[in-house]
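See below for the structure under consideration.
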Protein chains: 2
Amino acid sequence: MSETGQPAPSEAFDRDQQRRRKRLAVLKTAASAFNRRGFANTSMDDVASALGISKPALYQYFKSKQDILYECHLLAVQHGEAGVEEGQRTRGSGLDKLLAYVGRYMHGFFSDLGSCAVLLDVYSLADKHRAEIQKRRDGVTDAVEGFIARGIKDGSIVERDAKLTALFIFGVLNWMLVWYRPSGPATPAQIIETFVSLLERGLAARASVLIESEPKL
Amino acid sequence: MSETGQPAPSEAFDRDQQRRRKRLAVLKTAASAFNRRGFANTSMDDVASALGISKPALYQYFKSKQDILYECHLLAVQHGEAGVEEGQRTRGSGLDKLLAYVGRYMHGFFSDLGSCAVLLDVYSLADKHRAEIQKRRDGVTDAVEGFIARGIKDGSIVERDAKLTALFIFGVLNWMLVWYRPSGPATPAQIIETFVSLLERGLAARASVLIESEPKL
DNA sequence: ACCCCTCCCTACTCGCTAGTAAGTTTTCTT
DNA sequence: AAGAAAACTTACTAGCGAGTAGGGAGGGGT
């Protein structure tokens, strides 16, 4: 009926496809620069010349500089929320749920977006956007604290302040955005394995992980 | 001999003293704002009105906005270096040295400067200052990695990548600057205790800490 | 009483950059 | 081939904020 009648624009190089790819390239380039040098220290001209185009070309894909930042934050918070869902889905102790969250979040962070996400510079967002991001972040924080509180109750996590423990974990995770470069020496898999086991040993009430390595001497 | 002959300006209200106190107030106010909202989002007018004075008054104490940032970074890196010295002074395993570093750093962070330190926005520094700060930070990083490597060798730290482990720790420590408020619910002592024991358990080859809590069930 | 020094104010300048206007090249359609 | 739409360019505008000029108030020394 109301279909526009286009014969499914076929091939891999139709207009919209290209447009989306270019848009993503802008997002990635900008995010990388934002993470490296900071949002305010990155001009739109910087982003443009990094892509080999001129500034106004950027405005075909994003309404404003803040809009780019907003989408970066959206991606980051979506990964957080995906991690929370993973934790809720996971059957087991509070610790199991927590580690499921951490694993899912890190996996998302590394895989699908190089490092499009930004965490700092929330304040650079327009009030309306900032409120939304803050609220969704708070949701993630609450859920993670919930996993920890549950773990403390069920005995899988050694007794400790749930809020402080959450801040400990967020520190580890958020700092990745500052130092991680896809070109760096460590592979995502190594990073995930190291960090998860550091957290697991630090939190676990039972020293289950100790088994895997014989004591030296 | 070459003393200026002033009869030691006596009391608590001599000129220089007041000046230094005002200067410190500027530094603390600015640093707090920088940490909260970011360097670029904080105008000199903001800082001034937070102190109840006008912008040009600030320029009596600091040459430029960047100068304030530079001193914040100096304070931060000095605490890092003090931690490294503490670690080097400490006799014992690599783990002991590492934990001495962490403890000293956190203690310095909380006590003497509320939160004057800034870590992000290194890029907002002038090139010359940035180079210095980066270099000194690299020194701290190397030393911490050294503690970890030593701990891996002497068996006090469970085998793991020293660089990644250092990044894990720096994440925890650096993120404090973002969330810590002196007015917050947790006391510095609680935070130090919780974080140090989380790190110790995560890193230690022997589960020495387990002794302190009876297994539940 | 006078001067001078410190401190701080109001009222500017000037550079930098986000965003826009208007024209040009490219690319798809028919 | 013609024409229209999309993509991108150069050349601007406008506003924000760091830093400054220059003046005024207060206090301590002589």
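FYI, side chains are in, hydrogens and waters are out, and symmetry mates aren't considered; it's all heavy atoms of this structure. By convention in this document, chain letters (A, B, ...) are assigned in the order of the sequence lines, proteins followed by strands, and residues within each chain are numbered from 1.
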Identify whether NZ of Lys or CZ of Arg in K65(A) sits under 6.0 Å from the centre of the six-membered ring of F39(A) and within 45° of that ring's axis.
-> yes
Less than 4.0 Å between a side-chain N and a carboxylate O, is that true for K128(B) and E132(B)?
-> no
Which of I169(B), L95(B), L203(B) passes side chain to side chain contact (heavy atoms under 4.5 Å, CB included) with I148(B)? Answer is I169(B)
Just how far, in rounded Å, is P of dG19(C) from CG of L69(A)?
-> 12 Å
Between dC8(C) (P) and R23(B) (CZ): distance, integer Å = 14 Å
Give a yes or no on whether a donor-acceptor pair under 3.5 Å exists between the nucleobase atoms of dG19(D), that is its base, and the side chain of K55(B).
-> yes
Specify the separation, in whole Å, of atom CZ of F39(A) and atom P of dT17(C).
-> 13 Å
Can the ring centroids of F109(B) and H79(B) be said to lie less than 6.0 angstrom from one another?
-> no
Interatomic distance, I53(A) CD1 vs dT26(C) C1' [rounded to whole Å] | 15 Å
Do any side-chain nitrogens or oxygens of S54(A) fall under 4.0 Å of OP1 or OP2 in dT9(D)?
-> yes
Looking at OG1 of T90(A) and CD of E85(A), how far apart are the two atoms once the value is rounded to the nearest 0.5 Å?
-> 11.5 Å
Interface with DNA chain C, restricted to residues 40-51 of chain A and to heavy atoms under 4.0 Å = T42(A), S43(A), M44(A)
Can you list, by residue number, the residues of residues 56-65 of chain A that have a non-hydrogen atom closer than 4.0 angstrom to DNA chain C?
-> P56(A), Y59(A), S64(A), K65(A)
Excluding sequence neighbours, so at least two apart, what forms salt bridge (charged side-chain N to carboxylate O under 4.0 Å, His left out) with R37(A)?
-> D46(A)
Is atom CZ of R181(B) surrounded by more than 12 heavy atoms (other residues, nucleotides or ligands) closer than 6.0 Å?
-> yes
Donor + acceptor pair across side chains of R130(B), S124(B) (<3.5 Å) = no
